[in-house]
Amino acid sequence: MKNDQYSLLKEKINSNDFSSVFLLVDENTDKYCLEIFINKSEINNYKKIVIKSGEENKNIDTCISIWKELNSQKADRKSLIINLGGGVLTDIGGFVASTYLRGIEFINVPTTLLGMVDAAHGGKTGIDFKLLKNQIGVFNEPLEVLLDDEYLKTLSKEEFINGYAEVVKHSLLTDKPDLTFNSLVKLDLFKDSDYIINSYSSVKNEIVKSDKYESSIRKVLNLGHTIGHAVESYSHISDKVVCLKHGQAIVIGLITEL
């Protein structure tokens, strides 16, 4: 399945559909994930753009730096951006692609559990504004989302588990017997990661398919996020609490809201 995904990606990249290919990475995925991606996709003609990692860099300044780089390297409307990273990077990369020259194609290659199950899917792109999460953005689906759990081996245990909050959330939103919370807790988070990624990302994708622009049923995907985002934003500006990762904040939101 993974090899098929890379084969299809290779076909797209080698086609005449794109005038140039840009790989967007942060300093972590540049160091730990880029080589894996290059070896598997066999891409050799690309231009790399590196940004700083972390939620604190999910802002307009980072977008400006990427737009400048695209402009200086003569990206045009037929250029492609491949976003290789976690949820922060795919959010930024998708937003930058959607707004550069009124929109160019992009592909998401998530490298975290959170990204693979949730953030890289659904077409929500955006950045934070004035310490508020995801205040600026657009709906725009990626051309493709490539899922490969090999990237999870590059993560710390803490970062790996950070994405589990979205898995739990999806298990609470489905009525499929083999995907409910009671079924989820019987799985091994690490050994069953490939199954978890493909199964629980499908929960989100089915909901999104029925309500792309979040006018009705898609709002259920915000479970845990109303309070979770508030807590997460506060943790980034307060010197009284530890700065929280997104998954940690969403767990607090889920527990509180439920």
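Only a predicted model underlies this, so the values are computations on that prediction, with no experimental measurement involved.
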* To do: Only one of V50, I49, V96 passes side-chain contact (heavy atoms from CB on, under 4.5 Å) with E69; say which it is.
  => I49
* Are E206 and K176 close enough, and set up right, to give a salt bridge (Lys or Arg N to Asp or Glu O under 4.0 Å), and what steps lead you there? -> CA-CA 12 Å; E206 286 182 15; K176 293 182 178 179; 2.8 Å; yes
* Quick one: CD1 on I13 to OG on S41, what's the gap to the nearest 0.5 Å? -> 5.5 Å
* Structure fact -> Under a side-chain separation threshold of 4.5 Å, the hydrophobic residues clustered together with L114 are none
* Asked: ring-ring contact (aromatic ring centres under 6.0 Å, His included) with F160: which residues, sequence neighbours excluded?
  -> F190
* Can a donor-acceptor pair be found between the side chains of N198 and S202 at a distance below 3.5 Å? -> no
* Structure fact -> ring-ring contact (aromatic ring centres under 6.0 Å, His included) pairs touching residues 237-258, sequence neighbours excluded, are H225-H246, H229-H246
* Test D61 against S65 for side chain to side chain donor-acceptor pair (under 3.5 Å), laying out the working first. => CA-CA 6 Å; D61 292 329; S65 70; over 6 Å; no
* Pair D148-Y6, side-chain donor/acceptor within less than 3.5 Å -> yes
* To do: Could you tell me whether the side chain of N162 and the main chain of E158 form a donor-acceptor pair under 3.5 Å?
  => no
* Structure fact -> Only one of N108, D91, T29 passes side chain to side chain donor-acceptor pair (under 3.5 Å) with N83, and that residue is N108
* Structure fact -> dist I81:CD1 -> L70:CG (nearest 0.5 Å) comes out at 4.5 Å
* Using 4.0 Å as the upper bound for N to carboxylate O, is an ion pair formed by E55 and K133? -> yes
* To do: Check ring-ring contact (aromatic ring centres under 6.0 Å, His included) between F139 and all other residues, then give those that pass, not counting sequence neighbours.
  => Y213
* **Polar side chain donor-acceptor pair, N140 to K124, under 3.5 angstrom** => no
* Is the closest basic N to carboxylate O distance between E141 and K212 below 4.0 Å? -> no
* To do: Could you tell me whether a side-chain N or O of D188 sits under 3.5 Å from a main-chain N or O of K191, the two making a donor and an acceptor?
  => yes
* To do: Would you kindly say whether T180 and S171 are connected by a side-chain donor-acceptor distance under 3.5 Å?
  => no
* Taking only residues two or more places apart in sequence or in another chain, which ones pass side chain to side chain donor-acceptor pair (under 3.5 Å) with Q248? -> none
* Asked: Side chain of K47, backbone of L23: donor and acceptor closer than 3.5 Å?
  -> no
* Asked: With a 4.5 Å limit on heavy-atom distance, are the side chains of L143 and F106 in contact?
  -> no
* Asked: Restricting to pairs with a member in residues 12-66, which pass ring-ring contact (aromatic ring centres under 6.0 Å, His included), not counting sequence neighbours?
  -> none
* **Side chains of I107 and P142 in contact at under 4.5 Å (non-hydrogen atoms)** => no
* Asked: So, D128 side chain and N134 main chain: donor-acceptor pair closer than 3.5 Å or not?
  -> yes
* **Salt-bridge contact E166-K169 (side-chain N to carboxylate O under 4.0 Å)** => yes
* Short question: side chain of D211, backbone of S215 - any donor-acceptor pair under 3.5 Å? -> yes
* Structure fact -> Contacts of N59 meeting side chain to side chain donor-acceptor pair (under 3.5 Å) (sequence neighbours excluded), chain-then-number -> T62
* Asked: Side-chain donor-acceptor pair under 3.5 Å between S19 and D76, yes or no?
  -> yes
* Counting distance only, does the side-chain N/O of S210 pair as donor-acceptor with the main-chain N or O of I207 below 3.5 Å? -> yes
* Ignoring hydrogens and geometry, is there a side-chain-to-backbone donor-acceptor pair from D26 to S53 under 3.5 Å? -> no
* Restricting to pairs with a member in residues 54-104, which pass ring-ring contact (aromatic ring centres under 6.0 Å, His included), not counting sequence neighbours? -> none
* For H121, all residues meeting ring-ring contact (aromatic ring centres under 6.0 Å, His included), sequence neighbours excluded -> none
* Asked: Side chain of E257, backbone of I227: donor and acceptor closer than 3.5 Å?
  -> yes
* To do: Return the set of residues passing side chain to side chain donor-acceptor pair (under 3.5 Å) with N222 (not counting sequence neighbours), or none when no residue passes.
  => E214
* ring-ring contact (aromatic ring centres under 6.0 Å, His included) partners of H170, counting only residues at least two apart -> none
* To do: Identify, with sequence neighbours excluded, every residue that meets side chain to side chain donor-acceptor pair (under 3.5 Å) alongside D30.
  => K48
